[in-house]
There are 2 protein chains.
Amino acid sequence: MGEAEADRCGPGAAEQASACTVREALDRVGGKWAIGILIAASAGPIRFTELERRVEGISRRMLTLTLRNLERDGLLDRHVHPTVPPKVEYTATPMARELYESLVALTSWAERHREAISEARAAYDSAHGRPPA
Amino acid sequence: MGEAEADRCGPGAAEQASACTVREALDRVGGKWAIGILIAASAGPIRFTELERRVEGISRRMLTLTLRNLERDGLLDRHVHPTVPPKVEYTATPMARELYESLVALTSWAERHREAISEARAAYDSAHGRPPA
DNA sequence: CTGGATCCTATAAGATACTG
DNA sequence: CAGTATCTTATAGGATCCAG
């Protein structure tokens with residue numbers, strides 16, 4: 001996930017820097033599963049298997065990978081209980097909960113315009129040759 | 001870009017639906033270049049070549065592809081002036097401008113925590129075996 | 001239960017060349 | 001100027017199996 005661009009995001013004008021910052025954010029959160037995991041983990045500590053159930057459709061591999069990335073970026077705390085069988089709990093950090101709040105704006109935008117976008121697509125596809133499939 | 005999931009985003013609980021909605025938004029805007037283009041086009045009508053300069057690093061192909069997707073989703077208006085040589089202007093739709101506003105929250109989050117995230121990464125990488133590159 | 005390791009496929013994206 | 005077409009590479013993500 002855009003590792004090389006994370007630290008220095010390239011020189012540029014003000015708008016360039018702005019676009020770059022947004023992309024930095026999306027590079028951390030823009031994966032297919034990161035947001036689902038963050039949402040699930042924002043409600044409180046949650047276990048690996050519980051996440052696997054809540055974030056429907058995720059593979060075990062991607063769950064592990066995404067959890068590691070989020071932990072690495074300081075968005076999730078990982079707490080291992082030294083029991084057998086092992087029990088691991090993930091919790092969103094305060095920083096991540098701030099992000100969660102920010103995402104509400106995006107979410108409500110998507111909800112507000114879901115239909116308009118769908119119609120725009122249909123109009124575009126029928127205006128151009130594409131099959132309605 | 002997640003075409004199959006765009007229309008019906010799968011059944012699920014309330015949090016699932018929320019996560020799904022966010023991902024719907026990111027599926028449209030989460031590409032590598034969409035946001036840069038939207039930002040550049042939110043200031044007013046902008047031409048193809050101008051975009052190519054402003055969104056630094058983008059290839060002509062990706063510019064075209066991303067423009068088509070954004071137009072298809074109703075986020076950009078494309079106006080062709082029937083002149084020679086051709087002149088095409090792209091403008092963010094009102095819906096896209098709303099999105100732009102929403103992204104400010106994300107942007108400011110990324111700016112606020114840029115350093116904390118960088119430190120979290122360094123700490124994680126040194127705690128685990130990874131080379132500091 | 002919580003992963004890690006490996007293999008594989010689909011897709012995003014870059015490079016390059018051509019065109020009305 | 002504003003694209004399209006083709007080729008190629010990099011990477012995300014899925015499937016599966018193994019392990020402490």
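A quick note: this is a predicted structure, and the numbers were derived from the prediction, not measured. Chain A is the first sequence line, chain B the second, and so forth, proteins listed ahead of strands; every chain is numbered from 1.
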Under a 4.0 Å threshold between the charged nitrogen and the carboxylate oxygen, would B:R114 count as salt-bridged to B:E111?
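So B:E111 does not pair with B:R114 through a salt bridge.
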Is B:E98 paired with A:R112 through a side-chain N to carboxylate O contact shorter than 4.0 Å?
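Counted as a salt bridge, because a side-chain N and a carboxylate O are separated by less than 4.0 Å.
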Looking at [X], I'd like to know whether one of its side-chain N or O atoms comes within less than 4.0 Å of OP1 or OP2 on [N].
X: B:Y90; N: D:dG3; value: yes
X: A:R60; N: C:dC1; value: no
X: A:R78; N: C:dG3; value: yes
X: B:T49; N: D:dA2; value: yes
X: B:R61; N: C:dA17; value: no

Taking B:Y100's backbone N and O only, do any of them form a donor-acceptor pair with A:W109's side chain (distance below 3.5 Å, no angle check)?
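No; judged by distance alone, with no hydrogens or angles, the pair does not exist.
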Any side-chain heavy-atom pair from B:L76 and B:T93 closer than 4.5 angstrom?
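Heavy-atom side-chain distance check fails, nothing below 4.5 Å.
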Proximity to the side chain of B:P85 - top-ranked nucleotide from D:dC1, D:dT4, C:dG14:
D:dC1
Given D:dG3, D:dG13, C:dG4, identify the nucleotide with an atom nearest to the side chain of A:W33.
D:dG13
Check the distance between [N]'s [atom2] and [X]'s [atom1] and give it to me in whole angstrom.
X: A:M62; N: C:dT9; atom1: CE; atom2: P; answer: 18 Å
X: B:L67; N: D:dG3; atom1: CG; atom2: C1'; answer: 10 Å
X: A:K32; N: C:dT9; atom1: NZ; atom2: C1'; answer: 13 Å
X: B:L63; N: D:dA2; atom1: CG; atom2: P; answer: 10 Å
X: B:H128; N: C:dG3; atom1: NE2; atom2: P; answer: 11 Å
X: A:L65; N: C:dG3; atom1: CG; atom2: C1'; answer: 11 Å
X: B:H81; N: D:dA2; atom1: NE2; atom2: P; answer: 11 Å
X: B:F48; N: C:dT19; atom1: CZ; atom2: P; answer: 18 Å

On DNA chain D, more 5' by nearest nucleotide between B:E89 and A:I58 is B:E89
Quick one: sort the A:Y124 and A:H128 rings into parallel, tilted or perpendicular, breaks at 30° and 60°.
parallel
